[in-house]
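Side chains included, hydrogens not; waters and symmetry mates left out as well; all remaining heavy atoms used. Naming convention: chains lettered A, B, ... in sequence-line order (proteins, then strands); numbering from 1 in each chain.
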Amino acid sequence: MTDAPENDSLFEAPPMGEQERMVEAILFATADPVSVTELIGRMPHGSDPAEALVHLRKRYEGRGVNVVKVGDAWAIRTASDLGFLMQKETVETRKLSRAAIETLAIVAYQQPVTRAEIEEIRGVSVSRGTIDQLIELEWIRFGRRRMTPGRPVTFVVTQGFLDHFGLENARDLPGLKELRSAGLLESRPPPGAALEIDEAEGEDTDQVDMFEDE
Amino acid sequence: MTDAPENDSLFEAPPMGEQERMVEAILFATADPVSVTELIGRMPHGSDPAEALVHLRKRYEGRGVNVVKVGDAWAIRTASDLGFLMQKETVETRKLSRAAIETLAIVAYQQPVTRAEIEEIRGVSVSRGTIDQLIELEWIRFGRRRMTPGRPVTFVVTQGFLDHFGLENARDLPGLKELRSAGLLESRPPPGAALEIDEAEGEDTDQVDMFEDE
Amino acid sequence: MPTEFQEDATSVSERLAAEALIVDVGAFEGPLDLLLTLSRTQKVDLREISILALAEQYLAFVEQAKQLRLELAADYLVMAAWLAFLKSRLLLPPDPTEEGPSGEELAAHLAFQLERLEAMRGAAAKLMARDQLGRDFFARGITEDVQRVRRVTYTATLLDLMQGYARIRTKDDFRPFVMDREAVMTMEQALDRMRHLIGFAGEWTDISSYLPEGWEMDPARRRSSTAATFAASLELAKEGKIDIRQSETFAPIQIRKRSPQDD
């Protein structure tokens with residue numbers, strides 16, 4: 001560890017073409033998205049995987065497999081128009097209940113969202129099993145606690161969720177902009193609950209940040 | 001998606017570029033190498049995967065992953081020169097234990113030296129592990145056997161040792177007098193140290209070694 | 001009301017539709033879901049929906065369910081009570097002395113809730129319609145595990161080596177620093193020392209004279225040896241070997257050997 005940095009700096013980073021090959025090999029070797037940080041850690045000192053990825057992504061445009069961005073990580077996935085060739089590989093996923101699908105959508109579009117908020121939106125209580133199932137699928141996870149009385153936990157979607165639905169980012173959710181401009185993503189407390197309004201507004205800012213800063 | 005196969009025979013086989021994409025996607029996503037027969041079975045009627053493979057193989061020449069033949073089937077594999085990327089090496093640097101340093105010092109200053117002699121000088125037994133560690137580090141090695149009863153092996157320091165410690169020769173190691181005049185020996189007895197102290201020291205040395213040799 | 005209903009439902013198909021709605025109550029995901037379904041019969045944009053009409057529809061539905069002796073979950077009944085309240089608020093002229101939100105505000109919020117639920121349903125449908133991993137696009141089939149290799153290297157410097165050697169060769173005058181408690185005297189040491197000396201102390205003697213030679217000058221050593229000697233004196237007194245006296249607070253403490261005739 002101690003001598004490595006000194007030695008490494010004596011050598012130049014590999015040429016970009018080589019770096020591209022390395023990123024290609026690493027992404028091909030795994031089923032999970034690989035973060036740029038991990039790429040840096042695995043490639044020779046001084047490498048710039050972010051730039052190599054730009055080249056690699058271009059190289060695979062229109063091919064049978066593509067380089068895709070998943071959150072802040074990268075993966076290679078088959079082109080979705082070729083899914084019909086892959087009946088053999090198709091994973092039969094457990095059919096999600098309507099409650100689970102709606103809960104997932106609410107978490108994705110309204111994140112970070114508390115259980116109480118999910119219930120408020122759906123108008124029914126959310127069963128433990130629904131949340132558990134989504135956590136088990138690794139599509140949602142616990143986010144930061146709310147700074148409101150009781151400090152409830154919030155839920156947010158995961159990288160696995162983005163990967164599964166082919167999203168680069170939670171901002172790319174279909175129809176997100178329209179829903180926001182229609183005011184449907186605002187947390188609007190029922191009239192008469194005036195006291196909570198301030199806090200709720202604070203939280204809403206949080207939510208916007210989450211989408212826009214990522 | 002599902003009706004495709006029936007209609008296929010009515011149409012021409014997809015263009016070769018498309019077939020190449022298909023082979024690429026299938027080889028990428030399938031868990032095992034895929035034979036040409038299987039490719040024919042999975043691709044639209046009239047496809048020529050063997051030819052598509054020739055193109056695909058060429059396309060991946062010199063890339064980070066290659067199209068390789070495994071038995072009579074085909075697979076995409078990491079280029080052999082990039083295998084090192086599939087290893088994540090963490091290097092941990094530890095300080096050599098006191099027992100090991102002392103043993104090494106005795107070998108360096110008194111070589112060739114037998115194990116019994118090392119033990120006599122240190123006043124405690126030398127664990128097998130300490131010797132093994134120094135041999136593994138390639139800092140000491142076996143020397144000639146002593147022409148004494150039992151013909152014990154001796155230890156000497158290696159070229160690797162001299163390189164590591166920046167010495168031309170083990171004889172270049174400074175002697176005791178030089179160490180003292182260089183202020184490297186701070187082991188002046190404390191003023192007013194009574195006789196009991198010697199006993200205490202004997203015990204303490206033992207104890208320290210016990211911990212370090214383990 | 002019930003008779004009215006029977007008279008109203010003249011056509012068989014209408015009645016069947018109404019019953020189907022009731023029988024399907026289990027299919028609704030709560031009162032909000034039911035309200036959303038009912039609102040569709042108004043065939044207008046949710047933003048222009050008549051909450052009053054919707055409330056009436058819901059109440060009629062609950063009434064029908066009661067008639068058919070269907071068990072309705074409590075939250076459906078809570079919603080019915082709330083809608084009845086909302087309905088009265090919407091119909092009666094606003095009472096300026098009354099506290100709380102107006103009927104219009106409550107109705108607007110309900111409309112917002114319905115619109116939001118509908119929007120989330122739509123979002124869920126769009127989400128599920130996307131290409132999905134393992135169904136429409138696929139990850140790598142043959143994966144290679146990243147081997148984690150932990151390599152440990154040991155280091156030592158020439159200085160370590162030389163000091164190590166010096167330590168061994170000068171063992172006789174080398175003392176590890178950790179044992180360097182030269183300014184500490186234990187009670188055991190003091191006791192040991194006093195047992196030997198006390199035999200000669202027939203007269204009252206200041207305990208400070210029992211401090212070991214060379215320990216009186218250094219403050220740290222004096223403090224430690226005084227404490228140890230004092231503690232040892234108490235121990236000896238307890239054993240009946242010596243007498244202790246002190247004329248007043250902070251005066252010198254004196255001890256002497258206890259002679260057999262004192263008993």
(message) For A:F161 and A:W139, take the angle between the two ring planes, folded into 0 to 90°, and tell me which bin it lands in: parallel under 30, tilted 30 to 60, perpendicular over 60.
(response)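 Taking A:W139 first and then A:F161, their aromatic rings stand perpendicular (interplane angle over 60°).
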(message) Any side-chain to backbone donor/acceptor pair from A:R77 onto A:V68? Under 3.5 Å, distance only.
(response)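 Flag not set: sc A:R77 to bb A:V68 has no pair under 3.5 Å.
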(message) Given heavy-atom pairs under 4.5 angstrom as the criterion, report whether the side chain, backbone, both or neither of C:R116 touches chain A.
(response)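 Interface part for C:R116: both.
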(request) Apply side-chain hydrogen bond (donor to acceptor under 3.5 Å, both in side chains) to the pair A:H55 and A:E20, showing each step before the final yes or no. (result) CA-CA 7 Å; A:H55 298 300; A:E20 202 191 310; 5.0 Å; no
(message) With a sphere of 6.0 Å drawn around CD of A:E168, does it hold more than 12 non-hydrogen atoms of other residues, nucleotides or ligands?
(response)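 Check passes, neighbour count above 12.
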(request) Report the option among C:R121, C:M128, C:E115, C:M79 that has the most heavy-atom pairs separated by less than 4.5 Å from atoms of chain A. (result)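 Most heavy-atom pairs under 4.5 Å with chain A: C:R121.
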(request) Considering only heavy atoms and a distance below 4.5 Å, find which of A:A75, A:G166, A:S125 pairs most often with chain C. (result)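 Winner by heavy-atom pair count: A:G166.
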(request) Determine the option with the most heavy-atom pairs under 4.5 angstrom with chain C, choosing from A:L104, A:I101, A:T30. (result)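 Maximum pair count with chain C is reached by A:I101.
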(message) Can you confirm whether C:L32 sits close enough to A:I121 that some side-chain heavy atom of one is under 4.5 Å from a side-chain heavy atom of the other?
(response)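 No - every pair of side-chain heavy atoms lies 4.5 Å or more apart.
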(message) Within the 4.5 Å heavy-atom criterion, are A:P44 and A:M22 side-chain neighbours or not?
(response)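 Counting from C-beta outward, A:P44 and A:M22 do come under 4.5 Å.
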Is [X] close to chain C through its backbone or its side chain, or both, or neither, when contacts mean heavy atoms under 4.5 Å?
| X | value |
| --- | --- |
| A:E178 | neither |
| A:A79 | backbone |
| A:A31 | both |

